[in-house]
Amino acid sequence: MSWLKIGKFRSYKYPPGTKSSFLEEDSSTPFTAEIEQNEKLLQETFEDCSDLVYRRIDVNQNVHWLIVYIESLIDKTTLEENVIKPLLTSLTSDTYPKESGDLKSEMISIGTTIRTTKVSEAVANILDGHAAILSTGSSIVTTVSIPGTSKRSIDEASSEPVIRGPRDGFIEHISTNVSLIRARLKTSKLKMEYITLGELSKTRVAITYLKGIASQTVVDEVKARLKPIKLEGVLDSGNIEEFIEDQPYSPFPQVHSTERPDVVVAELLEGKVAILVDTTPFVIVVPMTFWTGLQASEDYYIRWPIATFVRWIRFFFIIFAIFAPPMYVAITTFHQEMIPTNLVLSIASSRDAVPFPAMVEALLIEIIFEALREAGIRLPKQIGQAISIVGGLVIGQAAVQAGFISAPVVIIVSITGISAFTIPRYSFANGIRLLRFPMLFLAGFLGLYGIVLGLLAIMLHVTNLRSFGSLYFSPVAPLKLTALKDVLIRIPIWAKFRPSIRPNQEGEQN
């Protein structure tokens, strides 16, 4: 049994008889020496593809060249200047072939060319933004990389607002995202290993790490979890997150996703592994710990006393975000003697006309608040914020005046909603929001005993949870005093050390 304690990961398998043969490209058919036959092979493969262009260049009666490409995937200007023009120019020189159309490397004035004899490889390259050049009398097809798909400009990451720090964010093009990382880490130790996922999408995925800093065991585990994934299409990094996480039923995310290159670079320097997926700006970083969800990149760009203070604010409000409504329900329902007399009289008078129990009342307003928050996200940005803020005020005030809910519940739930926004990682904040609802039911049925039971269940879960072999609650459980310098406080940059994520033989971190 391996000393590295890894949770089970999922590899999607097609049910028997459901995987159609059209998902698999024919990898056995070779090209022939007849250009007409090769053209027919490509036409059969790309049947009903009107965007496939066939451009023929006739040298003489014996030599013909055929350039095949998808017009929406290549840069036509580059094709004209670096492929077609050099080929036409070679006609007037003594270097062009008289009897055979075997293409010579000096005829193409572009660097990235691939020579193949297999139809499947040429088709894959054409679909990846290459132009294929077929020649008379040759079974070798040369494909030239001329990517020309439009790319979004590099802007600030919309999901992670920047207070202080770099304002460039990842885009949907993996080559650009790789360049943003390499611009910050100019070292040969930065490794990029590509794999392809998706039976139909053929999505490129880059496994990125710093050799000598990242644990080779973690790198190997990332590869082992990614390669067995079988999907028709990978459209976003979220499509593969659920396949590689250790515990799929946990409310806590076990991988960290971000749009910011500086965050990825900082994680790489700490020995973690990044997974870049083409066509999405979100990069996955593993392993992840509980404390990663409470740390913002701005913590390392401002002075350490302020960053430590802000971090403690987050620690306080994450407790408030989970336990404030349940505590209110438990105390007002079962433990009124814990409330000062004046306060209990005020709460009792405000609840006098409310027809619902405290638990139902809190649950209703929580659901309404979550609905308003979701509506604010889905609506156009210009009116989304107004709807979420004004809607909450209007509905809350109207509900209090109508006697459906009490004013203290509106106050508690509003502060709880604000508390969730102090958590910098969106996926981590979603898990915290989800925990409020089971805690509300425990408080409504068992009072403070239910809250204690819920707290124990949460602590047992996070202390046993793992992310790629690393304990989720480390370095607090198990306790590592030296590593607490970057958890409970943010030590000065000049005193910063690299935390180890390499598990030891007991599965704990060094």
Side-chain angles (χ1 to χ4, degrees), residues 20-27 29-32 34-58 64-88 101 103 107-136 138-152 171-178 194-206 231-236 277-280:
S20 301
S21 59
F22 77 90
L23 293 180
E24 300 177 345
E25 299 284 358
D26 184 5
S27 59
T29 305
F31 284 108
T32 67
E34 298 293 331
I35 190 172
E36 291 80 7
Q37 181 65 26
N38 295 338
E39 182 180 2
K40 184 178 179 180
L41 289 173
L42 291 177
Q43 289 175 344
E44 291 175 352
T45 303
F46 289 101
E47 185 179 3
D48 298 328
C49 295
S50 302
D51 57 343
L52 193 72
V53 178
Y54 299 88
R55 179 160 181 176
R56 184 179 292 273
I57 299 178
D58 296 323
H64 308 282
W65 286 322
L66 180 66
I67 304 175
V68 183
Y69 59 91
I70 297 177
E71 59 180 350
S72 59
L73 295 183
I74 70 163
D75 185 347
K76 294 181 182 178
T77 303
T78 304
L79 177 67
E80 294 285 345
E81 294 295 327
N82 296 282
V83 177
I84 297 177
K85 187 176 180 180
L87 288 177
L88 294 175
L103 196 67
M107 294 181 180
I108 304 297
S109 59
I110 196 169
T112 308
T113 59
I114 301 174
R115 293 164 66 89
T116 181
T117 59
K118 294 183 178 180
V119 175
S120 60
E121 293 180 1
V123 169
N125 291 337
I126 291 173
L127 292 171
D128 199 31
H130 288 62
I133 306 175
L134 289 73
S135 308
T136 301
S138 175
S139 61
I140 300 175
V141 173
T142 302
T143 60
V144 184
S145 177
I146 318 175
T149 53
S150 58
K151 296 186 292 184
R152 179 168 61 92
I171 63 172
E172 290 77 9
H173 198 269
I174 192 171
S175 298
T176 303
N177 296 342
V178 168
Y194 287 92
I195 63 174
T196 301
L197 296 179
E199 296 292 328
L200 298 179
S201 64
K202 306 294 183 184
T203 305
R204 284 200 301 166
V205 177
L231 288 172
E232 285 85 357
V234 177
L235 306 180
D236 185 81
V277 181
D278 202 9
T279 72
T280 176

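Just so it is clear, the model here is predicted, and its values are computed rather than measured. The basis for the numbers below is simple: all heavy atoms, side chains too, and nothing from hydrogens, waters or symmetry mates. For this chain, numbers begin at 1 and follow the sequence in order.
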Once you round to the nearest 0.5 Å, how far does [atom1] of [X] lie from [atom2] of [Y]?
| X | Y | atom1 | atom2 | value |
| --- | --- | --- | --- | --- |
| I140 | N38 | CD1 | CG | 11.5 Å |
| I84 | I67 | CD1 | CD1 | 4.5 Å |
| S135 | I57 | OG | CD1 | 10.0 Å |
| N125 | T116 | CG | OG1 | 7.0 Å |
| I35 | L66 | CD1 | CG | 5.0 Å |
| L41 | E34 | CG | CD | 11.5 Å |

More than 12 heavy atoms of other groups within 6.0 Å of E44 CD: yes
Flag side-chain contact, heavy atom, 4.5 Å: [X] against [Y]:
| X | Y | value |
| --- | --- | --- |
| V119 | F31 | yes |
| D236 | V277 | no |
| V83 | Y69 | no |

I70/I126 under side chain to side chain contact (heavy atoms under 4.5 Å, CB included): CA gap, chis, key distance, verdict: CA-CA 7 Å; I70 297 177; I126 291 173; 3.9 Å; yes
Which pair of non-hydrogen atoms, one from [X] and one from [Y], has the smallest distance, and what is that distance?
| X | Y | value |
| --- | --- | --- |
| G198 | V234 | N-CG2, 4.1 Å |
| E39 | L134 | N-CD2, 4.1 Å |
| T279 | L235 | OG1-O, 3.5 Å |
| T143 | A122 | CG2-CA, 4.4 Å |
| V68 | Y54 | CG2-CD2, 3.7 Å |
| I114 | H130 | CD1-NE2, 4.0 Å |

N/O donor-acceptor pair under 3.5 Å between N177 side chain and E172 backbone: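 It does not hold such a pair.
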S175 vs R204, side chain to side chain contact (heavy atoms under 4.5 Å, CB included): CA-CA, chis, key distance, verdict: CA-CA 10 Å; S175 298; R204 284 200 301 166; 3.4 Å; yes
Worked verdict on D51 versus F46 for side chain to side chain contact (heavy atoms under 4.5 Å, CB included): CA-CA 10 Å; D51 57 343; F46 289 101; over 6 Å; no
Check ion pair R55-E71 (N to O, under 4.0 angstrom): no
Partner of I146 under side-chain contact (heavy atoms from CB on, under 4.5 Å), chosen from D75, L73, N82: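 When D75, L73, N82 are each tested with I146, the side-chain contact (heavy atoms from CB on, under 4.5 Å) holds only for D75.
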The single option from T203, D278, T280 passing side-chain contact (heavy atoms from CB on, under 4.5 Å) against I174: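 Of the listed residues T203, D278, T280, the side-chain contact (heavy atoms from CB on, under 4.5 Å) partner of I174 is D278.
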